Amino acid sequence: MVIQSFHEPLQIPNLDLWQVLFERKDRQFPEDKEIYVDPDTKRSYTWTQARDTAIELGRGLKSQWGFKKGDVLGFFSPNNIDYSPVFFGVLWAGGACSTANPTYTVKELAFQMQDSKVAGIVTQMPMLPTVIEAAKIIGLPEDRIILLGDARDPSGKFKHFTEIRSARTGLLAPGRPRLDPKKDTSFLVYSSGTTGLPKGVQLTHTNIVANLIQLAHCELRNGLYHSGPPDGHGDRQIAVLPFFHVYGLTCIALQSIYMGIPVIVLPKFDLDHFCKAIQEYGITYASIPPPVVLALAKHPAVAKYDLSSMRWMNSGAAPLGRDLVEQVWRRLTIPVMQGYGLSETAPVLTKMNIADWARFNGSCGKLLPNIEAKVVDVDTGKELAPGEGEGELWFKGPNVFPGYLNRPELAADTFSEDGFFKTGDIGYADKKGNFYITDRLKELIKYKGFQVAPAELEGILLGHDEIADACVIPAHDRQRETEVPRAYLVLKPGVPRTDEKAAEIVAWIEGKVAQHKRLRGGVRFVDEVPKNASGKLLRRVLKDMARKEDAR
Ligand code: 4UU
């Protein structure tokens, strides 16, 4: 049974993202409205400044690098107000952006940049050494590394992006290539999907355009997203979610310029910095992951600030405990509403309506417009009606990606025969159409909303001299409201199964992976890792074991 959205279907224009953001005629806010604001340096971009910076950069990339339609620029940077104007430059030139986690190690960065065949990488001074090493590995010339942000290279060797520009001629400079919004990629974000290593999720222009329109429709209906009068007293948001991840990318970096909502851009989450900015700028809403909800519910420092301007918050990217939602409400009278989505769906699929908030705590909301869903029984393949029970969640809609980069063989496992995307998430819909996520069928681990691919850690662990076999699964750290990776290991004969050995392995892997992939759930030694007759890891058995252990 196909579950339909209760919203009326929306018209999704056949335009590319640049056209929708910068060329549409029905913009509801003035062009000199400040959109991206840095609270520390006070530097900002208005809508026009973001557009003009992008055109100049796009023209510069074209004339100086020969950057053309289909080329890819890699991003390796924490949030900064320059981040979006730079990716708009790439979009202007008809290219795509491959956004990477700026805490990646050299190898992790090289993997993604190689896989997406970047023509260049944009970064900031503190990450420059990592980028230089990664560029060497993939054979990218050093003059294709450029900088954004406030710090410049004192030696002058690495150019700032503002040095790669050519002045625009006329209001909307000619020279943009013609794109096919339904086919051409705008962003390549990386996700491990249901199994294996991270893969490039090809988000088309239409995928992102659709999600901006779908989301805006819901939030306007909720009475949110006021772009406000020209003097700027509309909604204001704050970015602690990173722009390299699809949640921060669509819901903050892009939605703000689409709807004309100023966004205070923070480089990372720091509770005091976050609360101070909310108070100082009268922030009215925030998209956040569950650990930030936890901090708002419990951290004593929150009491030092006046957060009364905040009208609502959206939590997503990982499960959120109902009691935390209640605690935030009691402490701050802020409703925290949930959304649910994936990199592969650009990202939002379901969203809570404000009218449902108090009654359906624990739900991640209802289907966005133009989205259809199925709940499919994992054992029988039966399609379940709302209220009939839980199964794997499948979705179809204009925001669903066409496939993984260079991996056409994955299509058969990723999509059903009738074109539904199989998420690998387990959940159900109630009779009112509210969705609930209850478990995960796929391998993925989410540390504070960040993806950890077990296969990647297992591959590294198997490279350890003393490890014979490995299986990594999510454990639950309730204190931090997050999953953490835990390794079940078979040691080679004669290697002692001691606490020291466990600590040694945890420390060994720390040097090899980005911070969020560390084995925070620890290491457990076992005689064998459970496998089925054909040798496939039975993660479920260990996941259940971990669940029992963590519940103690
Ligand atoms: C339980 O994390 C994301 C996208 C997050 C997002 C986007 C818009 C959240 C809210 C919102 O409004 O993408 P990925 O690809 O990094 O991870 C996707 C996975 C899902 O498959 C699911 O397992 O993250 C998990 N997830 C959630 N789990 C995402 N949202 C939720 C949720 N509850 N609300």
Side-chain angles (χ1 to χ4, degrees), residues 99-101 187-195 198-201 203 207-208 211-212 214-216 218-219 222 224-225 237 241-255 285-293 312-322 324-325 336-353 360-368 371 390 392-395 399-401 404 414 421-428 434-454 474 476 481-483 516:
T99 59
N101 185 327
F187 287 90
L188 275 169
V189 292
Y190 274 67
S191 164
S192 59
T194 54
T195 182
K199 296 170 265 293
V201 174
L203 294 173
N207 290 155
I208 303 260
N211 212 234
L212 292 176
Q214 291 164 310
L215 200 57
C218 291
E219 299 304 26
N222 277 335
L224 307 168
Y225 281 180
Q237 63 170 332
L241 289 172
F243 293 166
F244 75 81
H245 184 259
V246 70
Y247 184 13
L249 175 67
T250 301
C251 301
I252 304 179
L254 293 170
Q255 195 61 256
Y285 83 92
S287 292
I288 51 177
V292 179
V293 183
W312 63 287
M313 293 191 180
N314 183 70
S315 170
L320 177 68
R322 291 167 199 239
L324 286 185
V325 174
V336 178
M337 303 200 284
Q338 273 200 77
Y340 159 72
L342 301 88
S343 303
E344 288 84 343
T345 59
V348 193
L349 291 164
T350 69
K351 186 118 227 325
M352 193 166 239
N353 296 310
F360 300 104
N361 184 8
S363 165
C364 57
K366 295 189 162 98
L367 293 175
L368 260 53
I371 295 181
E390 62 178 45
E392 187 182 7
L393 301 176
W394 295 6
F395 296 93
N399 54 318
V400 175
F401 82 135
Y404 297 106
T414 308
F421 165 58
K422 306 182 193 176
T423 61
D425 287 315
I426 303 286
Y428 64 93
N434 297 297
F435 280 76
Y436 295 80
I437 312 298
T438 52
D439 200 356
R440 219 177 277 137
L441 193 60
K442 57 187 168 189
E443 292 174 5
L444 179 67
I445 301 169
K446 281 270 166 124
Y447 175 71
K448 297 192 173 181
F450 292 113
Q451 289 207 3
V452 182
H476 198 237
E481 187 69 4
T482 181
E483 292 172 0
H516 64 283

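Just follow the structure's listing: the first ligand is 1, and inside any ligand the first atom is 1. This is a predicted model, so every value here is computed, not measured. Nothing fancy with the numbering, it's 1 onward along the sequence.
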For a side chain to side chain contact (heavy atoms under 4.5 Å, CB included) with V336, tell me which candidate from L324, V293, V292 qualifies. V293

Answer yes if the side chains of S315 and Q338 hold a donor-acceptor pair under 3.5 Å, and no otherwise. no

With distance as the sole criterion, is a donor-acceptor pair present between the side chains of E344 and Y404 under 3.5 Å? yes

State whether E219 and K351 are salt-bridged, where the test is any N-O pair (Lys NZ or Arg NE/NH1/NH2 against Asp/Glu carboxylate O) under 4.0 Å. yes

Should Q338 be counted as touching ligand 1, given the test is an N or O pair under 3.5 Å? yes

To which protein heavy atom is atom 13 (O) of ligand 1 closest, and what is the distance rounded to 0.1 Å? S343 N, 3.4 Å

When you measure from atom 29 (C) of ligand 1 to each heavy atom in G341, G316, G362, P289, which option holds the nearest one? G341

Applying a 4.0 Å heavy-atom criterion (strictly less than), which segment of P347 is in contact with ligand 1: side chain, backbone, both, or neither? side chain

Among A318, G365, A346, closest by heavy atom to atom 27 (C) of ligand 1 is A318

Closest non-hydrogen protein atom to atom 24 (O) of ligand 1, residue and atom name please, with distance? K446 NZ, 3.1 Å

Closest protein heavy atom (residue, atom, distance) for atom 20 (C) of ligand 1: D425 OD2, 3.2 Å

What's the verdict on ring-ring contact (aromatic ring centres under 6.0 Å, His included) for F401 and F421, showing C-alpha distance, side-chain angles and the deciding distance? CA-CA 9 Å; F401 82 135; F421 165 58; 5.5 Å; yes

Give the single entry among A317, S315, G427, P290 that approaches atom 25 (C) of ligand 1 most closely by any heavy atom. A317

Winner among E483, K351, H245 once heavy atoms are compared against atom 16 (O) of ligand 1: H245

Hey, is L320 touching ligand 1 through its side chain, its backbone, both or neither, going by heavy atoms under 4.0 Å? neither

Taking atom types as modelled, is there a side-chain donor on S191 or Q451 under 3.5 Å from an acceptor on the other? yes

Region of S287 engaging ligand 1 - heavy atom pairs below 4.0 Å: neither

Indicate whether the side chain of Y340 and that of D425 have a donor and an acceptor atom separated by less than 3.5 Å. yes

Taking 4.0 Å as the limit for heavy-atom contacts, which would you say applies to L342 with ligand 1: side chain only, backbone only, both, or neither? both

Side chains of N314 and Y247, donor plus acceptor under 3.5 Å: yes

